[in-house]
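Only heavy atoms go into these numbers, but all of them, side chains included; no hydrogens, no water, no symmetry mates. Throughout, a chain's letter reflects where its sequence line sits, starting with A, and its residues are numbered from 1.
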Amino acid sequence: MDKKGNDQFVQHIAKRSEDFPQWYTDVVLKTDMMDYSDVRGCMVIKPYGYGIWELIQQQMDKRFKETGHVNAYFPLFIPESLLMKEAEHVEGFAPEVAWVTHGGSEKLAERLAIRPTSETVIGAMYSKWIQSYRDLPVLMNQWCNVVRWEKSTRPFLRTSEFLWQEGHTAHATFEEAQEETMRMLEVYAEFAKNVLAIPVLKGRKSEKEKFAGAFATYSIEAMMQDGKALQMGTSHNLADNFAKGYDIQYLSKDGKLEYCYTTSWGSSTRMIGGLIMVHGDDRGLVLPPRVAPIQAVLLPIAAHKPGVLERARELLAALRAAGIRAEIDERDQSAGWKFNQWEMKGVPVRIELGPKDIEQNQAVVVRRDDLQKQFLSLDALPAQILTMLDDVHEGLYAKALGMREKETITATSFEELYEGVQHGFVRAMWCKDTACELAIKEKTGGASTRNMPFDEPAFSDVCVHCGKPAQSVTYFAKAY
RNA sequence: CGAGGUGUAGCGCAGUUUGGUAGCGCGUUUGGUUCGGGACCAAAAGGCCGCUGGUUCAAAUCCAGUCACCUCGACCA
């Protein structure tokens, strides 16, 4: 690269098309979102990245309140005996649990697991709290951190410690639990669309991939720009599996002792990784406006000239008064340098204000998504920026949806399916997912029915998702 | 856990083949000129060459061990 920079921050990033993993890492590190810590696989989220997370939290929490959930907090440590009560759950999580063995210098009589997820502790509490059908449903959520000792890690996508929310609910019947499971899956899908500008597929996971201990697991999956799938939220119907393990019972109206039906659902800082990989381009990050910590950055041009800075600060105040998260960059750097830096950081809208603009009562406004430049009058600028932010959101969503549709094929044979998942999603028919007996019925092609050789070795690295939207088709994708 | 790669200044790297004063670019600090797409000049600061041991008069460099990180597998609600 022949471009010169006067800040280490301004370095070229890898070409997205040539080296997607490297591009992703570059974007994460060079946009000042996170850093590596000394503990392997643990991330440090820096203020810019955390700002995104705060906006995600706010907007998601608002949705949880609307669906009647309340926030609570449960312990970080889970005694080993408590964790062991649900057999499938233990088996699934055992390989990735971190253990506390000592308190100070004394060895503990019983090891403490650092929560990989909280069904177990929360189940134990629910067992105390729930006595009667009048106590149901219990609808709670907690925002917290969890630890999973992963073998390999990637920033935001899979870290040893991560931040998330986990919802835990208890209901009187299986049907109510199922309804809750689907309701929250829908909340996630709506959130992905309207806040993150990411189109997602809703689907049910295969038996092999479902949450350890769940009756059924549903997820939302998005396609990244390399064609791979990323799970961006899950919702589990736990049926009465955990209620039986943790003795969550209630006395029904007609005086019978019954087990509860529980659900759990979660989404994490992985969503940040997802939005980087869905929207980013060769210039760096592209943030969807609703989670952008800075929605509009104001760059005074030739700021040393009289009046420029003053006018720019007035404009900043006007933007903020309109509810726009705006910042001004008054640093003593060249204009070109600032353009590049804020583009890399993905700020949705850039506003340039120089002496010539002030003369003509206008500003130069540039959208991050298409880099189109326009000259707008200063008078109505805040209102126009607000509209523009919505346009950017819609534009990003449409672009991501277009990409996904382009990279999704419909398969009518195993060969097509296998070929398709190498670079995108595949639509294929799904019947029932029972252990190793899987059958595919062709529907879209309208032709014959055949059995799918799911036990072929080539298929082992394919992540299977079953979605059941309107057209009743099935989605398969190669996953991260 | 398998295969490959990398550890040298805040960041990116050269130097290791052939042992001999620790180098370059960017950034940082100071002063000045600039300022509408990655500015320029001048000066300065900044290093347990991942760690441990060995060979040697002498090790960033050779040998052995070890640790960490990265990529790809495996694994992963």
Using distance alone, with no hydrogens and no angle criterion, decide if [X] and [Y] have a side-chain donor and acceptor under 3.5 Å apart.
{"X": "S219(A)", "Y": "Q231(A)", "result": "no"}
{"X": "T181(A)", "Y": "S235(A)", "result": "no"}
{"X": "Y218(A)", "Y": "Q178(A)", "result": "yes"}
{"X": "H236(A)", "Y": "T217(A)", "result": "yes"}

For [X], which contact category applies under a 4.0 Å heavy-atom criterion: base, sugar-phosphate, or nothing?
{"X": "Q22(A)", "result": "nothing"}
{"X": "W149(A)", "result": "nothing"}
{"X": "E166(A)", "result": "nothing"}
{"X": "K356(A)", "result": "base"}
{"X": "P95(A)", "result": "nothing"}
{"X": "E150(A)", "result": "sugar-phosphate"}
{"X": "G354(A)", "result": "base"}

Any Lys/Arg nitrogen of [X] or [Y] sitting under 4.0 Å from an Asp/Glu carboxylate oxygen of the other?
{"X": "D369(A)", "Y": "R367(A)", "value": "yes"}
{"X": "E180(A)", "Y": "R183(A)", "value": "yes"}
{"X": "D329(A)", "Y": "R350(A)", "value": "no"}

Rounding to the closest angstrom, what is the interatomic distance between [N] and [M] at atom [atom1]?
{"N": "C51(B)", "M": "G25(B)", "atom1": "P", "answer": "25 Å"}
{"N": "C49(B)", "M": "C11(B)", "atom1": "P", "answer": "15 Å"}
{"N": "C70(B)", "M": "U33(B)", "atom1": "P", "answer": "47 Å"}
{"N": "G7(B)", "M": "A60(B)", "atom1": "C1'", "answer": "11 Å"}
{"N": "G15(B)", "M": "U8(B)", "atom1": "P", "answer": "14 Å"}
{"N": "U66(B)", "M": "U28(B)", "atom1": "P", "answer": "42 Å"}
{"N": "A44(B)", "M": "C35(B)", "atom1": "P", "answer": "28 Å"}
{"N": "G37(B)", "M": "G73(B)", "atom1": "P", "answer": "43 Å"}

With both distances under 3.5 angstrom, what nucleotide forms a Watson-Crick or G-U wobble pair with [N]?
{"N": "C48(B)", "answer": "none"}
{"N": "A68(B)", "answer": "U6(B)"}
{"N": "U61(B)", "answer": "none"}
{"N": "G19(B)", "answer": "none"}
{"N": "G73(B)", "answer": "C1(B)"}
{"N": "C35(B)", "answer": "none"}
{"N": "C24(B)", "answer": "G12(B)"}

Which of the following nucleotides, [options], is nearest to the side chain of [X]?
{"X": "S334(A)", "options": "U34(B), A39(B), G37(B)", "value": "A39(B)"}
{"X": "E343(A)", "options": "A39(B), G37(B), U71(B)", "value": "G37(B)"}
{"X": "D332(A)", "options": "U34(B), G36(B), G37(B)", "value": "U34(B)"}
{"X": "E96(A)", "options": "G37(B), C76(B), C35(B)", "value": "C76(B)"}
{"X": "V364(A)", "options": "G36(B), A39(B), C35(B)", "value": "G36(B)"}
{"X": "R158(A)", "options": "A39(B), U71(B), C76(B)", "value": "C76(B)"}
{"X": "P355(A)", "options": "G37(B), C76(B), G36(B)", "value": "G36(B)"}

To the nearest angstrom, how far is [X] atom [atom1] from [N] atom [atom2]?
{"X": "Y24(A)", "N": "U71(B)", "atom1": "OH", "atom2": "C1'", "result": "15 Å"}
{"X": "Q333(A)", "N": "U34(B)", "atom1": "CD", "atom2": "C1'", "result": "12 Å"}
{"X": "F20(A)", "N": "C70(B)", "atom1": "CZ", "atom2": "C1'", "result": "18 Å"}
{"X": "F339(A)", "N": "A39(B)", "atom1": "CZ", "atom2": "C1'", "result": "14 Å"}
{"X": "R154(A)", "N": "C75(B)", "atom1": "CZ", "atom2": "P", "result": "18 Å"}
{"X": "L157(A)", "N": "C70(B)", "atom1": "CG", "atom2": "P", "result": "13 Å"}
{"X": "W342(A)", "N": "G37(B)", "atom1": "CH2", "atom2": "P", "result": "19 Å"}
{"X": "K338(A)", "N": "A39(B)", "atom1": "NZ", "atom2": "C1'", "result": "13 Å"}

Base G37(B) to side chain Q341(A), donor-acceptor N/O within 3.5 Å cut-off |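 For Q341(A), whose side chain was compared with the base of G37(B), there is no donor-acceptor pair (under 3.5 Å).
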
Do F174(A) and F215(A) have ring centroids that are under 6.0 Å from one another?
->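 Yes, the ring centres sit under 6.0 Å apart.
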
On RNA chain B, nearest-nucleotide positions of F93(A) versus P21(A): which is more 5'?
->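 Mapping each residue to its closest nucleotide by heavy atoms, the 5'-most match is P21(A).
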
